[in-house]
Amino acid sequence: MYLGAGLAEAGLPPRVVPVLNTAKGGATTASYRAEGLWDALLTASLPGDTVLLQFGHNDQKEPRTLASREGFSANLSRFIADARGHGLVPILLTSVERRRFDGDRPVPTHGDYPLATRDVALREGIECFDLTSATRQLHAELGPEESRRLFTQFAPGTHPLYPDGIADDTHYSFFGASVVAAMVAAMLAPVLLAQARAGSPA
């Protein structure tokens with residue numbers, strides 16, 4: 001991950017930091033642990049590493065067992081406790097917004113899950129990157145038509161992977177993924193800078 005803008009603001013040169021991505025499409029806070037992905041992350045991590053945790057998008061589809069203020073919040077707290085127990089620095093991220101408009105106004109699509117995520121972060125005393133608000137603002141700035149570029153939307157015959165076309169308002173295109181990744185990098189840079197300063201000898 002390239003960290004440029006956040007460090008430039010602090011008068012420091014850009015950095016590239018390694019990233020281990022163990023995310024899985026469709027995962028919930030329950031399935032991610034049950035399938036062994038969380039244990040794999042903990043095994044591969046080193047004390048002092050920062051772990052970014054973003055859930056809610058799929059938990060929302062299972063409200064009986066993963067209600068925002070019950071199973072979902074409890075699972076987030078358990079991830080945080082595990083991460084701390086392994087010497088990691090956990091950071092929560094709220095879900096990226098789906099593309100949905102009412103006229104020219106973006107419509108929230110994740111219910112109480114982003115707020116529940118922020119509340120867990122506040123209770124646990126950790127950082128929370130509000131990507132729900134950031135991506136909704138991005139959609140507002142681009143508008144209903146231009147925001148299509150962020151997502152997997154192609155007319156028939158214009159993309160080799162989607163010969164019949166596709167109109168997906170949930171999953172990002174390569175362009176959209178790079179835009180949101182840059183958002184995360186900008187949010188992460190000052191946090192890593194503060195951690196480095198805190199660990200430096202006086």
Side-chain angles (χ1 to χ4, degrees), residues 1-10 14-17 19 21-29 50-61 63 68 72 76 91-122 126-193:
M1 176 180 285
Y2 173 78
L3 301 180
L7 294 178
E9 292 172 2
R15 288 179 56 199
V16 174
V17 297
V19 174
N21 183 4
T22 62
K24 179 182 178 181
T28 67
T29 52
T50 298
V51 57
L52 305 181
L53 296 162
Q54 183 188 58
F55 290 96
H57 213 87
N58 298 297
D59 297 73
Q60 185 187 30
K61 300 173 186 177
S68 62
F72 174 71
L76 289 182
I91 296 176
L92 292 182
L93 294 80
T94 61
S95 298
V96 292
E97 193 63 271
R98 301 180 181 95
R99 180 185 167 277
R100 189 172 300 168
F101 283 83
D102 179 4
D104 291 334
R105 182 177 63 87
V107 177
T109 64
H110 287 102
D112 190 45
Y113 287 81
L115 181 57
T117 301
R118 293 194 292 269
D119 286 347
V120 170
L122 182 63
I126 67 171
E127 292 278 350
C128 181
F129 298 164
D130 190 356
L131 283 186
T132 306
S133 296
T135 51
R136 190 184 308 138
Q137 179 62 32
L138 176 62
H139 297 175
E141 292 171 358
L142 294 176
E145 291 305 313
E146 187 65 16
S147 61
R148 294 180 187 276
R149 294 183 59 215
L150 300 171
F151 293 87
T152 308
Q153 299 210 4
F154 300 101
T158 62
H159 197 289
L161 295 180
Y162 308 101
D164 298 325
I166 188 172
D168 183 340
D169 287 322
T170 298
H171 299 96
Y172 287 121
S173 63
F174 289 135
F175 169 72
S178 66
V179 170
V180 176
M183 282 184 176
V184 175
M187 295 175 178
L188 184 59
V191 175
L192 296 184
L193 177 61

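What you see is a predicted model, and the numbers here were worked out from it, not measured in a lab.
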Enquirer: Given side-chain contact (heavy atoms from CB on, under 4.5 Å), test Thr152 with His159 step by step and report yes or no.
Expert: CA-CA 10 Å; Thr152 308; His159 197 289; over 6 Å; no
Enquirer: Evaluate the ring planes of His110 and His57, with Trp represented by its six-membered ring, and classify them as parallel (under 30°), tilted (30 to 60°) or perpendicular (over 60°).
Expert: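 Tilted, since the angle between the ring planes falls between 30° and 60°.
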Enquirer: Is Asn58 reaching over with its side chain to a backbone N or O of Ala27, donor-acceptor style, under 3.5 angstrom?
Expert: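 Yes, Asn58 side chain to Ala27 backbone: donor-acceptor pair under 3.5 Å.
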Enquirer: Are Ser147 and Arg99 close enough that a side-chain donor and a side-chain acceptor fall under 3.5 Å?
Expert: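 The answer is yes; a qualifying pair exists.
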Enquirer: Over all heavy atoms of both residues, which pair between Cys128 and Ala121 is shortest? Give the atoms and the distance, please.
Expert: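 Smallest heavy-atom distance, with atoms named: CB-CB, 3.5 Å.
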Enquirer: Which heavy atom of Thr109 sits nearest to which heavy atom of Arg98, and what is that distance?
Expert: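 Looking at all heavy atoms of both residues, the closest pair is O-NH1, 2.9 Å.
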Enquirer: Which atoms form the tightest heavy-atom contact between Met187 and Asp130, and what is the distance?
Expert: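 Answer, listing the atom of Met187 first, then Asp130: CE-O, 4.4 Å.
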Enquirer: Which heavy-atom pair separates Asp104 from Pro144 by the least distance, and what is that distance?
Expert: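 So the minimum-distance heavy-atom pair works out to OD1-CG, 3.6 Å.
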Enquirer: Would you indicate whether the side-chain heavy atoms of Gln153 and Asp169 approach each other to under 4.5 Å?
Expert: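 Asp169 vs Gln153: side chains touch.
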Enquirer: Phe129 and side chain to side chain contact (heavy atoms under 4.5 Å, CB included): which single residue from Leu92, Leu188, Thr94 fits?
Expert: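 Only one of Leu92, Leu188, Thr94 forms a side chain to side chain contact (heavy atoms under 4.5 Å, CB included) with Phe129, namely Leu188.
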Enquirer: Is the shortest heavy-atom distance from the side chain of Val191 to the side chain of Thr50 under 4.5 Å?
Expert: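 In short, these two side chains do not touch, never coming nearer than 4.5 Å.
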Enquirer: Do Pro114 and Arg118 have side chains that get closer than 4.5 Å, going by heavy atoms?
Expert: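 In short, these two side chains touch, coming nearer than 4.5 Å.
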Enquirer: How long is the gap from CG on Leu76 to CD1 on Ile126, to the nearest 0.5 Å?
Expert: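 One finds 8.5 Å between CG of Leu76 and CD1 of Ile126.
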Enquirer: For side-chain contact (heavy atoms from CB on, under 4.5 Å), just list the numbers for Val184 and Leu93, CA-CA rounded to whole Å, side-chain angles, deciding distance to a tenth of an Å, and then say yes or no.
Expert: CA-CA 9 Å; Val184 175; Leu93 294 80; 4.2 Å; yes
Enquirer: Give the minimum heavy-atom separation between Pro160 and Pro163, together with the two atoms involved.
Expert: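 Taking Pro160 first and Pro163 second, the nearest heavy atoms are O-CD, 3.8 Å.
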Enquirer: Considering only heavy atoms from C-beta outward, does the side chain of Leu142 approach that of Arg149 to under 4.5 Å?
Expert: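 When only atoms from C-beta onward are counted, Arg149 and Leu142 do not touch, as no gap falls below 4.5 Å.
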Enquirer: Do the side chain of Asp119 and the main chain of Ala116 share a donor and acceptor less than 3.5 angstrom apart?
Expert: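 No; zero donor-acceptor contacts below 3.5 Å.
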Enquirer: How are the rings of Phe72 and Tyr113 set to each other: parallel, tilted or perpendicular (split at 30° and 60°)?
Expert: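 The arrangement is perpendicular - the two ring planes meet at more than 60°.
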Enquirer: Got a donor-acceptor contact below 3.5 angstrom from the Ser95 side chain to the Leu131 backbone?
Expert: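 No, Ser95 side chain to Leu131 backbone: no donor-acceptor pair under 3.5 Å.
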Enquirer: Please check if atom CZ in Arg148 has more than 12 non-hydrogen atoms from other residues, nucleotides or ligands closer than 6.0 Å.
Expert: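 Buried by this count: over 12 neighbours within 6.0 Å.
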Enquirer: Once rounded to the nearest 0.5 Å, what's the spacing between atom NE2 of His139 and atom CZ of Arg105?
Expert: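 Here the rounded value is 14.5 Å.
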Enquirer: Within a strict 4.5 Å, meaning less than it, do heavy atoms of the Gln54 and Val96 side chains meet?
Expert: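 The answer is yes; the side chains approach within 4.5 Å.
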Enquirer: Heavy atoms, side chains only, cut-off 4.5 Å: are Tyr172 and Thr135 in contact?
Expert: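 Counting from C-beta outward, Tyr172 and Thr135 do come under 4.5 Å.
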Enquirer: In the structure I gave you, are the side-chain heavy atoms of Phe101 and Pro106 within less than 4.5 Å of one another anywhere?
Expert: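 Heavy-atom side-chain distance check passes, below 4.5 Å.
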Enquirer: Glu97 and Val107: which non-hydrogen atoms are nearest, and at how many Å?
Expert: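 Of all heavy-atom pairs spanning Glu97 and Val107, the closest is CD-O, 4.1 Å.
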